[in-house]
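Computed from a prediction, not measured in an experiment: that's the story for all the values here. Quick note on labels: first sequence line is chain A, next is B, and so on, each numbered from 1. Below, each value reflects all heavy atoms present in this structure, side chains not excepted, and no hydrogens, waters or symmetry copies.
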Amino acid sequence: MITMKSVGQGIPKMDALAIATGKPVYTQDLVMPNTLVVKVLHSPYAFAEIKAIDTRKAKKLSGVECILTYEDVPKVRFTVAGQSYPEPSPYDRLILDKVVRYVGDAVAIIAAVDEKTALRAMKLIKVDYEIFEPVLDFETAMGHASIVHREQDLYTNFDIGMEQAKNIIATHKVEVGNIEAELKKCTVIVEETYYTQAQAQGMMETYRSFNYLDHMGRLVVISSTQIPFHVRRTLARALQIPESKIRVIKPRIGGGFGGKQTLAVEFFTAIVTWKTGKPAQLVYDRTETFSCTSSRHAMRLKVRLGADQAGVIKVVDIEGLSDGGAYGEHSSTTFGAAGEKALILYNKTTAARFFGHAVYTNKMPGGALRGYGATQATFALESTLNKLAEKLHMDPTKIRLKNIINEGENYFTKPDVILGSSTLDRCIIKGKELIGWNEKYPRKDLESGKVRGLGMAVTVQGSGIAYIDTAAAEIHLNSEGSYTLMIGSTDMGTGSDTILAQFAAEVLETTVDKFIVYAADTDVSPYDPGSYASSTTYVTGMAVVRAAQDLKAKIIAKGAKLLEVLPEQIEFDGTVMKTLNSEKTLTLKKLAESILVGPGHEQLVGTGSYGSPVSPPPFIAGFAEVEVDKGTGKVDVVHYVAVVDCGTVVNPKLAKIQVEGGIVQGIGMALYEDVRYGPKGKLQTNSFMQYKIPCRKDIGSIDVVFEPSYEPTGPFGAKSIGEVVINTPPAAIAHAIYNAVGVTVTKLPITPEKIFMAMKH
Amino acid sequence: MQIDVIMNQKQLSLSVAADEFLADTLRRYGFLSIRKGCNTTCCGLCTVWIDDKPTLSCSVLSARLQGKRITTIEGVEQEATEFAKILASEGAEQCGFCSPGFIMTVLAMKRELVHPTEAEIIHYLTGNLCRCTGYLGQMRAVRTYLRGMHP
């Protein structure tokens, strides 16, 4: 093992002190004086057509700059999903449409000199709606009398199995082997249907965007986004202006969790500035963030598992249905990801299948949220596996050890893909030991009358999107011998800027403090698809490694030239270049100074790009110990153990926080977080009063341990960590509750009522 | 209307609307560490001190603060940075958006509670939500800070 100086060090984030002590670094802090305040009038109805809209009174109000309705926007449909072009999401949106498809859909854009005026103007807008019967239950959406998208100009870039007239956004099917024939050979078959709820991202900084025209008349967009380059491309289409007229700058981001992989507000401010020539800003408040953006896709997943007597899983069959909401962004891909991740994990099978649909309903659209389908699939698959273990009288840890994919083995559904790295077996063994499985499983009655139960689940995610997303990086050598690392990815609190600098520092044999990291500005940053799909450490990371190697070679070549020797005759330790016999030396500082003066010199810049043919999965084994009150059904997670294989742990401190944060988000999803709608489709959970995210009192102890593997295709052996960490809690906690009180709750969240009612019956 | 306050240890005259909340006044006057994360006084992001007591600035009318002492994180920079360094050494600031409000509550707690228990610390800080860290790293930082230890 090579000892590394930067990779593997738990150094603090480079921007830590600025963001922690409240320096003005976020989007809203950068707004210039005399910026128009933009507000959006949202639809009160789940499904309606605007028959008439009267803005005359509102426009007359002093201080109102512009009011836009569906008549004032380009008639070209687009998707707000931030994905690489051509996006697999349907082009089913307009900036403002004549038809509104959920409570909260945009009806009009109001821009005024201040917030009060904008709100007063909003009240003066009169809208006549023709109300339609909404599609609110996703299980009845297919073939419903109401068709959510009737328009003729809806467009998909390629065939995703859309059937517009049946409210089907996408159809997905992966099948290997003959399911029914193989099931007949199984001695044990278990089947169960699960429901995973919509979950809100709940990042602390709500959606916001601010923009102005620069001295060249170009539109400068400053936005809290995970996807600056996709924002530029999508805005160009939505506004029907050339991409070259748009510059997107991403400042510090107050959390994203996938929410900011969708353009929630950018086009509202952009169109105001484009039409008025004036700076404009929009800050969604918490209510709008909850009700007019996106949430996790709710899904129904029916799982069948077949196994032989020895507990070898022969068949995995999952039929799914996903609630896409009013627009189809991320629908086909989250659904596909659910299938892909579920079918990776157990590869001793003889048949496996994942199939089903994503459907339109008249609710807020589904979008990206940490875990992106894998979270939903993990709950269903792992819960069924726990049921199978019970039926076979097998220990749940042992049945997994027998069936999981191991390093060097191929995927069952993609036989040409070999798993390059995994320590999942060790993760299971370690977690079992740390939670005290052998002593405590399955339950312990406490003197208080409460019961403690243990449960577990394992999971995978990917690292970037294979064959699609490609990132680039650039490193400049500065005159004092420091470096500027230019990237287009987004650090939304994960610490990715620091981690990428750690890679560069490792290659260039220096320290992170020698780096300025600049991200991201579409005018100057190299292209990056953005930070999603757990790609930054892995995909952008490899681009950074390549850029650093390129620059290092250039430094050595230039140094050799100045020392009048061949590059092979030089050793570079990050600070000084020496000839092998140590006769001649040249410091990096001296080199850096000299190359910027005089004829024949050049600035040294290293560049690198990377797109991966594989998406190596990180793994986690999650173990929950819960305490259930038999009198009320209330559950406390007293202890959670997560053992993680994310390849090389690049920064143990930042990785640990990622895991802890993800586990807590998963606990919220398991037990109480629930995006709920009223009978007419109005969101009921539109504030932190109704939508409960975990607070400090909801957390028991969480142990996080790493079992590093070495991913051969990753930067210094690293894989991703951002998303995988949210996947295990729902299944592990459901299992622990079952072991404690013998009830199975298959519909998330597992609230005290559901447990109590199940115990009663 | 005009109110006179002691803003971060200095006399300051603020011009405020009758229905304006302190969080908005402060941002308008350039105290940009103030952030708002909810509409319902339950996230703790906008926490400042009024007469040294941690208070949600999103729900206090500025007009009521005549003669009061208002302290934001800009006014206790050295102390805040000292704790922020400990927080950062745990990696527990993450996106940082909730950090100023959280830090103001931690510093107030250190002044108010004598040898607090774990449960008392958690109780004191419960009003400060965080979606990134899962709270455990923040707690490690708080414990280190209260022990007077530095990274």
Side-chain angles (χ1 to χ4, degrees), chain A residues 10-13 15-26 28-29 115-116 201-206 252-257 283 285-287 491-495 651-665 667 687-689 693-699 701-702 704, chain B residues 17 19 24 27 30-45 72-74 76-77 80-81 83-85 87-104 119 121-140 151:
Chain A
I11 52 175
K13 267 165 51 190
D15 53 1
L17 291 185
I19 60 174
T21 60
K23 298 292 182 289
V25 292
Y26 300 90
Q28 202 188 359
D29 306 333
E115 187 172 11
K116 269 184 186 169
Q201 291 89 357
M203 73 299 276
M204 284 299 131
E205 184 202 36
T206 57
R252 298 291 94 201
I253 307 298
F257 306 114
V283 176
D285 66 12
R286 185 55 64 183
T287 310
D491 185 335
M492 50 200 142
T494 56
N651 185 320
K653 288 275 172 70
L654 299 178
K656 185 175 184 174
I657 295 286
Q658 281 283 81
V659 184
E660 290 173 347
I663 296 291
V664 167
Q665 246 174 357
I667 291 173
S687 80
F688 282 132
M689 292 288 195
I693 63 167
C695 76
R696 255 164 250 278
K697 287 187 177 173
D698 299 322
I699 308 305
S701 65
I702 296 174
V704 173
Chain B
D19 60 351
D24 301 318
R27 277 199 71 90
F31 299 95
L32 298 176
S33 68
I34 309 300
R35 278 137 208 180
K36 296 198 287 184
C38 66
N39 314 335
T40 44
T41 67
C42 52
C43 77
L45 261 61
T72 66
I73 200 166
E74 287 93 342
V76 284
E77 200 178 351
T81 303
F83 177 67
K85 279 183 186 162
L87 195 65
S89 75
E90 289 289 346
E93 78 291 349
Q94 287 271 79
C95 87
F97 206 70
C98 71
S99 297
F102 172 66
I103 291 178
M104 289 308 281
I121 296 171
I122 289 173
H123 184 71
Y124 199 100
L125 300 173
T126 288
N128 291 85
L129 293 181
C130 166
R131 186 62 156 171
C132 294
T133 62
Y135 306 112
L136 298 149
Q138 291 184 343
M139 279 302 289
R140 287 193 289 275

Would you mind telling me which of A18(A), G662(A), P694(A), G256(A) has the largest number of heavy-atom pairs within less than 4.5 Å of chain B?
P694(A)

For chain B, find which of A16(A), A20(A), S701(A) contributes the most heavy-atom pairs closer than 4.5 angstrom.
A20(A)

Below 4.5 Å, heavy-atom pairs only: which of P24(A), G495(A), G661(A) has the largest tally toward chain B?
G661(A)

Scored by heavy-atom pairs under 4.5 Å with chain A, the best of M139(B), K36(B), Q138(B) is Q138(B)

Please look at F688(A) and chain B and tell me whether the side chain, the backbone, both or neither of the residue comes under 4.5 angstrom of a heavy atom of that chain.
both

Measure distances from T21(A) to the heavy atoms of chain B and classify the residue's part below 4.5 Å as side chain, backbone, both or neither.
both

Heavy atoms only, distances under 4.5 angstrom: which of M204(A), Q201(A), M689(A) has the most pairs with chain B? Name it, please.
M204(A)

Is K656(A) in contact with chain B via its backbone, its side chain, both, or neither, using a 4.5 Å heavy-atom distance?
side chain

Here's one to test your reading of the geometry: is the NZ or CZ of R35(B) within 45 degrees of the ring axis of F97(B) and under 6.0 Å from its centre?
yes

What residue in I657(A), I699(A), V664(A) has the most heavy-atom pairs under 4.5 Å with chain B?
I657(A)

Indicate yes or no for a side-chain donor-acceptor contact from D24(B) to the backbone of R27(B) under 3.5 Å, with no hydrogens or angles considered.
no

Let's test your reading of the structure: which of Q28(A), K23(A), R252(A) forms the most heavy-atom pairs below 4.5 Å with chain B?
Q28(A)

Which atoms of I253(A) approach chain B - backbone, side chain, both or neither, heavy atom under 4.5 Å:
backbone

Check: N128(B) main-chain N/O paired with R696(A) side-chain donor or acceptor under 3.5 Å
yes

Checking E74(B) against S33(B): is there a side-chain donor and acceptor pair closer than 3.5 Å?
yes

